[in-house]
Amino acid sequence: MKRLTVKEIFALEPDGRSITVKGWIRTKRETKAAVFLELNDGSRMGNLQCVFGEAEAAANSGEIARAGTGASVSVTGSLVASPAAGQKLELRAESVSVIGEAPAETYPLQKKAHSLEFLREIAHLRPRTNTFGAVARVRNRMAFAVHQFFQGRGFQYIHTPLITASDAEGAGAMFQVTTLDLARIASSGQEPDYSKDFFGKPAYLTVSGQLNVETYCEALGSVYTFGPTFRAENSNTSRHLSEFWMIEPEVAFADIGDNMDLAEDFLKHLVTVALEDCAEDLEFFDKRIQPGLLESLRKVISSPFTRMSYTDAVKELEKSPGSFEFKPYWGCDLQSEHEKFLTEKVAGGPVIVTDYPKEIKSFYMKVNEDGKTVRAMDVLVPRFGEIIGGSEREEGLEVLLGRIRDLGLREQDYWWYLDLRRYGTTPHSGFGLGFERLMLYVTGMTNIRDVIPFPRAPKLADF
RNA sequence: UCCCCUGUAGCUCAGCUGGCAGAGCAAGUGGCUGUUAACCACUGGGUCCCUGGUUCGAACCCGGGCGGGGGAGCCA
C-alpha cells in the first residue's frame with residue numbers, strides 16, 4: 001500500500017478508508033482497553049494518533065512493545081473521525097511493524113520537553129522534536145519565498161564564488177583556503193610561498209558576494225545572490241555564526257529610496273508568506289517560544305516601516321540620555337541598546353536608519369552632498385537589532401578612488417571593481433540580509449544556532 | 001576577545017555553615033473503561049566536568065584547565 005504522509009492524511013475525509021502511514025513514534029500511551037501511538041513524520045507539526053483496540057493491541061503486542069519513543073514504524077488501519085477531543089482524525093490501527101527500534105535506555109530524546117542547549121548537543125536528532133521540525137519547515141519555506149520574491153520581480157539569480165583570491169571585501173576576518181602544508185613550512189622557519197599555493201596567491205572563503213554581484217548588476221540590471229558566507233571573527237553571541245547564508249540583491253539605476261522600498265517590500269513578503277503558509281508552525285512558536293510573535297508579525301506587514309536619518313536617530317536617543325550605558329552622540333556607532341531603543345521604544349516596530357557618518361561605514365557607499373554622511377541604510381527590528389545592511393553605491397570613479405585612498409586600502413586590489421565605474425557606470429543600490437537573522441525574526445527563536453541545522457561558530461564544528 | 005552566571009542521575013534542577021548523594025520528569029514493572037505533557041503505585045539508576053591544593057574530612061573552599069548560557073564588541 002502507498003505510504004501517505006500525515007500532512008496528506010489530514011487533508012482527507014475520515015471515511016474509513018484503509019491507509020498506511022510511516023514515521024517515528026513520539027509517545028505511546030497504554031491502557032487496559034487501548035493503546036495510543038502518536039506518530040510524526042515531519043510533514044507537519046501535528047501527529048497522527050494511531051489507536052489499537054483491545055483485540056488489535058493483543059494481536060500486535062510484540063511490535064507495540066518495541067514501538068517506544070523514537071522508533072520508526074509502519075502502521076496500517078482505517079482513517080476515522082476521532083471520538084475524543086484533541087484531534088479531528090485518527091487511525092483505527094490494525095497492524096504495526098517496527099522498522100527500527102530506539103532503545104529507551106540510550107535514545108536521548110524523551111517524551112518530555114528538552115532544553116534547547118541540550119538539543120544543540122544532539123544536532124543529528126533534534127530535527128525529530130517539535131521545535132526543530134518547525135524551524136526546518138519554516139526555513140525551507142523562507143528560502144523558497146526569497147526566490148519567489150525576486151523571480152517575481154524579474155531579478156536574475158547570480159551564483160557568486162565561495163572561494164575568493166581577493167581579501168578586499170572588507171566585511172570581516174576571513175578563513176584562509178590553502179593546500180600548502182603551513183605547519184611544516186612554519187616548523188622549517190620559512191615563510192609560505194603563495195605562488196606555489198593552489199591558486200598561485202592567498203585565497204579565502206568569501207565574506208560577501210556583494211562586489212561580485214555588482215558586476216552582474218551592471219549588466220543585467222536587477223540581480224541577487226543567495227548563498228553561504230563565512231566570517232572568521234571570534235564572536236560568541238546568539239546573533240552571529242561563522243558560516244551563514246546571506247541574500248544580497250543589487251539593482252542598477254536604483255537610489256537609496258528604491259533600496260529602502262525593496263527591503264521593506266521584501267521583509268513584508270517573507271513575513272506574509274510565513275503567516276500564510278507556516279501557520280501551524282508559527283502558532284507553535286507563538287505558544288511555546290515567543291508569546292506575542294504572531295501579533296508582532298501581523299503588525300509588521302500592516303504598517304509602514306519607520307524611516308529616519310542617523311542624525312534624527314541620534315537626536316531621539318539624546319532625549320533619553322539616562323537610559324543608556326553608552327551615551328549617544330553624533331558620530332558614534334549605534335550600540336545594541338540604541339538599536340533596541342529605536343525599534344522598541346521610539347518606533348514600536350522595524351526602523352530604517354539612513355545617512356550614517358562616512359567614518360563608520362564602508363568605502364563603497366555613496367557620499368552625500370554634505371561630504372560627511374553616506375547613503376547607507378540599516379533595517380533594525382525589535383528583539384535583536386540589525387537585520388539588513390545596505391546602501392546606494394558610490395558610482396563616481398574619482399570619489400571612490402578618494403575613499404579607497406583615505407581608508408588606506410590598495411587601489412590595485414579593486415581594479416575590476418573600479419572598472420565598473422570606468423565603463424558605463426550607473427547609480428545602483430543593494431543590501432545584505434542574513435538569512436538566519438530573518439529566521440530568528442520570523443520564528444521568535446532567540447539563539448541563531450537554533451535556526452540553522454548545523455551551526456558553525458568558534459569552537460563549534462561538530463556534526 | 002572582554003564581563004557576569006553556570007557544570008550534581010538519561011533530562012531539568014535542589015543540596016544550608018565543609019560531615020552518609022536528593023527531588024521532579026524520563027525509563028522499567030504492575031494497575032487503570034478512549035488516552036493525548038495521560039493518570040496511580042512500586043523499582044532500578046551517580047567518574048558530583050577534569051586537575052592540583054587546603055582540611056581529620058570537599059559536590060561545597062582555593063588555583064589552573066575544559067564545556068555550557070547570558071551580555072558586550074565586530075557585523076548580517
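Chain identifiers are assigned alphabetically (A, B, ...) following the order of the sequence lines, protein sequences preceding nucleic acid strands; residue numbering begins at 1 within each chain.
Under the Watson-Crick and G-U wobble criteria, each requiring two contacts below 3.5 Å, nucleotide B/rC2 is paired to B/rG71. The partner of B/rC25 is B/rG10, by the rule that a Watson-Crick or G-U pair needs both atom distances under 3.5 Å. Pairing for B/rU54 is absent, with no Watson-Crick or G-U wobble pair whose two atom distances lie under 3.5 Å. If you check B/rC39 for Watson-Crick or wobble pairing at under 3.5 angstrom, you find it paired to B/rG31. Here B/rC16 sits opposite no nucleotide as a Watson-Crick or G-U wobble pair (both hydrogen-bonding atom distances under 3.5 Å).
For the pair A/F244 and B/rA76, the ring geometry qualifies as stacking, because the centroid separation is below 5.5 Å while the planes lie within an angle under 30°.
Listed nucleotides: B/rA72, B/rA27, B/rG67. Nearest to the side chain of A/T237: B/rA72. Distance from the side chain of A/S235 is smallest for B/rG73 among the nucleotides B/rA76, B/rU33, B/rG73. Nearest to the side-chain atoms of A/A104 among the listed nucleotides B/rU35, B/rG10, B/rA27 stands B/rA27. Among the nucleotides B/rG34, B/rG24, B/rA76, the one closest to the side chain of A/T31 is B/rG34.
Rounded to whole Å, the distance from CG on A/N236 to P on B/rG73 is 14 Å. The distance between atom CG of A/L267 and atom P of B/rA76, rounded to the nearest whole Å, is 15 Å. Rounding to whole angstrom units, CZ of residue A/F384 and P of B/rA72 are separated by 13 Å. If you take CD of A/E325 and C1' of B/rG71, they are 9 Å apart, rounded to a whole angstrom. A straight line from NE2 of A/H240 to C1' of B/rC2 spans 15 Å, rounded to a whole angstrom. The separation between A/I387 atom CD1 and B/rC75 atom P is 18 Å, rounded to whole Å. Computed from coordinates, the A/F266 CZ to B/rA76 C1' distance equals 13 Å when rounded to whole Å. Between the P atom of B/rA26 and the CG atom of A/L109 lies a distance of 15 Å, rounded to the nearest Å.
Note: A/F363 and A/Y414 meet the aromatic proximity criterion, with ring centroids under 6.0 Å apart. Aromatic pair A/Y204/A/F230: ring centres not closer than 6.0 Å.
Salt-bridge annotation for A/D312 and A/R307: absent, with no side-chain N of the basic residue lying under 4.0 Å from a carboxylate O of the acidic one. Electrostatic pairing of A/K366 and A/D255 does not count as a salt bridge here, judged by no charged N lying under 4.0 Å from a carboxylate O.
A/Q49 comes within contact range of at least one nucleobase, with a heavy-atom separation under 4.0 Å. At the heavy-atom level, A/I247 lies nowhere under 4.0 Å from the strands shown. A/L438 comes within 4.0 angstrom of nothing in the nucleic acid, heavy atoms only. Across all strands, A/F118 comes closer than 4.0 Å only to sugar-phosphate atoms, never to a base (heavy-atom distances). In this structure, A/E436 reaches neither bases nor backbone, as no heavy-atom distance under 4.0 Å exists between it and the strands shown.
For a distance-only test at 3.5 Å, the side chain of A/H114 fails to qualify as a donor-acceptor partner of the base of B/rC11. For A/E54 against B/rU33, a side-chain-to-base donor-acceptor contact under 3.5 Å is absent. Counting distance only, with no hydrogens placed and no angle test, the side-chain atoms of A/K32 and the base atoms of B/rC32 include no donor-acceptor pair under 3.5 Å. Not a single donor-acceptor contact under 3.5 angstrom links the side-chain atoms of A/R29 to the base of B/rC32. Between the side chain of A/E117 and the base of B/rG69, no donor-acceptor pair under 3.5 Å is found.
Close to B/rG73, at under 4.0 Å from its OP1 or OP2, lies a side-chain N or O of A/Q335. Residue A/R120 has a polar side-chain atom (N or O) positioned under 4.0 Å from OP1 or OP2 of B/rG69. Of the side-chain N and O atoms in A/S336, one or more sit less than 4.0 angstrom from OP1 or OP2 of B/rG73.
Residues A/G389 and A/K111 both approach RNA chain B. Their nearest nucleotides, taken by heavy-atom distance, put A/K111 toward the 5′ side. Closest-nucleotide positions on RNA chain B for A/G434 and A/N447 were compared, and the one nearer the 5' end corresponds to A/N447.
Proximity of A/L334 to A/Y356: side-chain heavy atoms (C-beta onward) are separated by under 4.5 Å at one or more points. Taking 4.5 Å as the limit, every side-chain heavy atom of A/Y216 sits out of range of all side-chain heavy atoms of A/H159.
One P atom belongs to B/rC49, the other to B/rG10, and the distance between them is 13 Å to the nearest Å. The same atom, P, is picked in B/rG70 and in B/rG18; the two are 32 Å apart, to the nearest Å.
In this structure, A/F463 and A/H124 have parallel ring planes: the angle between them is below the 30° cut-off, well short of the 60° mark.
With A/Q148 as the partner, the side chain to side chain donor-acceptor pair (under 3.5 Å) test is satisfied by one option alone out of A/H269, A/R141, A/R153: A/R141.
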